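Small disclaimer: the values here were computed from a predicted structure and weren't measured.
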Amino acid sequence: MADVLSVGVNLEAFAQAISAIQALRSSVSRVFDCLKDGMRNKETLEGREKAFIAHFQDNLHSVNRDLNELERLSNLVGKPSENHPLHNSGLLSLDPVQDKTPLYSQLLQAYKWSNKLQYHAGLASGLLNQQSLKRSANQMGVSAKRRPKAQPTTLVLPPQYVDDVISRIDRMFPEMSIHLSRPNGTSAMLLVTLGKVLKVIVVMRSLFIDRTIVKGYNENVYTEDGKLDIWSKSSYQVFQKVTDHATTALLHYQLPQMPDVVVRSFMTWLRSYIKLFQAPCQRCGKFLQDGLPPTWRDFRTLEAFHDTCRQ
């Protein structure tokens, strides 16, 4: 603090100016007290008036005297070149040609902007860390060298446990059949057939759903070598829409501590498409809009909506 005030400021005059402010406040208070008390302590009206005027004039003279003293001291105090000099860079403000080379003012502005950027970045980081989307990069500002990334617990579950979970889900929904295979080692791939409406390819890492592709019931879901085709999209726009909504559902249903609940919740949501071409939109009441049925299913109520009606 002493370094800040020592740049262009007379500390002795500064202390005297504070005392002068206090004296001025006292003088002004006496003026108002005089107006409040009025004319007293005199028997005749003329005597009371003269005493009041004399006392009021004395108080006004005191205010004027204290105000002049404060103005004199304010000229002696001076003012600092900047409120927050940046250590030794504050000497840059003493440049007599500052108008031509405003280096210090630009430096101070950049310092304030950097502080504001750091503040907003901290707020954004706090908001991201509160989200449940663990797949997003929510470890902002954390160095990988100082803090290695922890592996999700869903990646180390035994295959037998995954098989049991999928088997229980398969028994829960009679109209849905689930075929599990492991063509590439321990990672499971599911072929979910929902009635005679659609087929879904689900790519998993343990109980973590990594990717889904929705195709029509009569579309081919295998490649030429007999493996599940996890890359090509459906030929129909309606199932391309459902694929996009299923990807959104993967981000919604996230609970790393209970991965089996996540898979069961996703399959329950997926099962709501059993009436993809039979359920009307809950908002507009129509079966078709722009040639497409209601392809969106609410994550909580599982009600059907057109893509534009859900907003």
Side-chain angles (χ1 to χ4, degrees), residues 126-140 142 148-195 197-215 221 228 230 239 241-276 279 282 294-305 307 310-311:
L127 292 175
L128 288 175
N129 287 332
Q130 294 175 5
Q131 302 298 322
S132 60
L133 307 182
K134 301 302 181 182
R135 296 179 64 187
S136 61
N138 58 353
Q139 300 295 332
M140 296 177 60
V142 178
K149 183 177 179 181
Q151 294 295 328
T153 57
T154 54
L155 298 182
V156 295
L157 294 174
Q160 183 61 38
Y161 179 77
V162 177
D163 294 348
D164 293 341
V165 172
I166 300 302
S167 178
R168 289 196 301 269
I169 295 176
D170 189 18
R171 291 193 298 267
M172 287 175 56
F173 308 116
E175 64 274 16
M176 177 188 295
S177 64
I178 303 177
H179 175 69
L180 186 147
S181 61
R182 288 188 172 87
N184 299 317
T186 59
S187 297
M189 296 182 61
L190 307 180
L191 177 60
V192 182
T193 304
L194 185 60
V197 180
L198 52 81
K199 294 180 180 179
V200 184
I201 300 174
V202 181
V203 182
M204 306 183 67
R205 292 198 306 268
S206 187
L207 276 180
F208 183 85
I209 301 178
D210 187 61
R211 179 182 172 85
T212 58
I213 302 95
V214 180
K215 294 188 176 183
V221 294
L228 288 174
I230 64 173
F239 296 113
K241 284 280 188 181
V242 177
T243 299
D244 295 338
H245 300 330
T247 304
T248 306
L250 294 181
L251 298 177
H252 177 78
Y253 297 111
Q254 285 294 327
L255 190 60
Q257 296 79 8
M258 303 177 66
D260 54 335
V261 176
V262 174
V263 178
R264 186 166 61 250
S265 300
F266 176 77
M267 292 299 178
T268 303
W269 175 84
L270 189 63
R271 175 182 172 272
S272 63
Y273 283 94
I274 190 66
K275 295 184 178 181
L276 174 61
Q282 296 299 312
T295 57
W296 176 264
R297 295 298 184 270
D298 188 85
F299 295 136
R300 290 177 295 181
T301 64
L302 304 181
E303 294 179 339
F305 294 93
D307 197 18
R310 66 185 178 91
Q311 300 176 355

query = Between V202 and V192, is a side-chain contact (heavy atoms from CB on, under 4.5 Å) present by the stated rule, with each step listed?
reply = CA-CA 8 Å; V202 181; V192 182; 4.3 Å; yes
Between [X] and [Y], what is the shortest heavy-atom contact and its length?
| X | Y | result |
| --- | --- | --- |
| A279 | A304 | CB-CB, 4.2 Å |
| M172 | P174 | O-CD, 3.4 Å |
| R297 | W269 | O-NE1, 3.0 Å |
| I201 | V221 | CD1-O, 3.8 Å |
| P259 | L157 | CG-CD1, 3.9 Å |
| L302 | T268 | CD1-O, 4.1 Å |

key: T212: side chain to side chain donor-acceptor pair (under 3.5 Å) partners, not counting sequence neighbours   =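 Expected list: none.
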task = Under the side chain to side chain donor-acceptor pair (under 3.5 Å) rule, collect the residues that match up with K199, sequence neighbours excluded.
result =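 Not a single residue meets the side chain to side chain donor-acceptor pair (under 3.5 Å) criterion with K199.
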Are the side chains of [X] and [Y] in touch, meaning some heavy atoms are under 4.5 Å apart?
| X | Y | value |
| --- | --- | --- |
| F208 | Q254 | yes |
| R211 | T243 | no |
| D298 | Q282 | no |
| F173 | I178 | no |
| V263 | I166 | yes |
| W296 | T248 | yes |
| H179 | L228 | no |
| V200 | L194 | no |

key: For F239, ring-ring contact (aromatic ring centres under 6.0 Å, His included) partners two or more places apart   = none
key: Interatomic distance, H252 atom NE2 to R300 atom CZ [nearest 0.5 angstrom]   = 7.5 Å
task = State the CD1-CG distance between I209 and L251, to the nearest 0.5 angstrom.
result =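 It is 11.0 Å, given to the nearest 0.5 Å.
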message = Would the distance check show the side chain of Y253 and the main-chain N or O of F299 forming a donor-acceptor pair, the cut-off being under 3.5 Å?
response =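 Pair found, side chain donor or acceptor close to backbone of F299.
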query = Backbone N or O of R205 within a donor-acceptor pair of the S187 side chain at under 3.5 Å?
reply =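 Checking the backbone N and O of R205 against the side chain of S187, no donor-acceptor pair under 3.5 Å is found.
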note = Taken in chain and number order and not counting sequence neighbours, the residues that satisfy salt bridge (Lys or Arg N to Asp or Glu O under 4.0 Å) with K241 are D307
query = Can you list every pair that meets salt bridge (Lys or Arg N to Asp or Glu O under 4.0 Å) and has a residue in residues 169-194, with sequence neighbours left out?
reply = D163-R182, E175-R271
Sequence neighbours excluded - salt bridge (Lys or Arg N to Asp or Glu O under 4.0 Å) pairs with any residue from residues 253-266 =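 Qualifying pairs, neighbours excluded: none.
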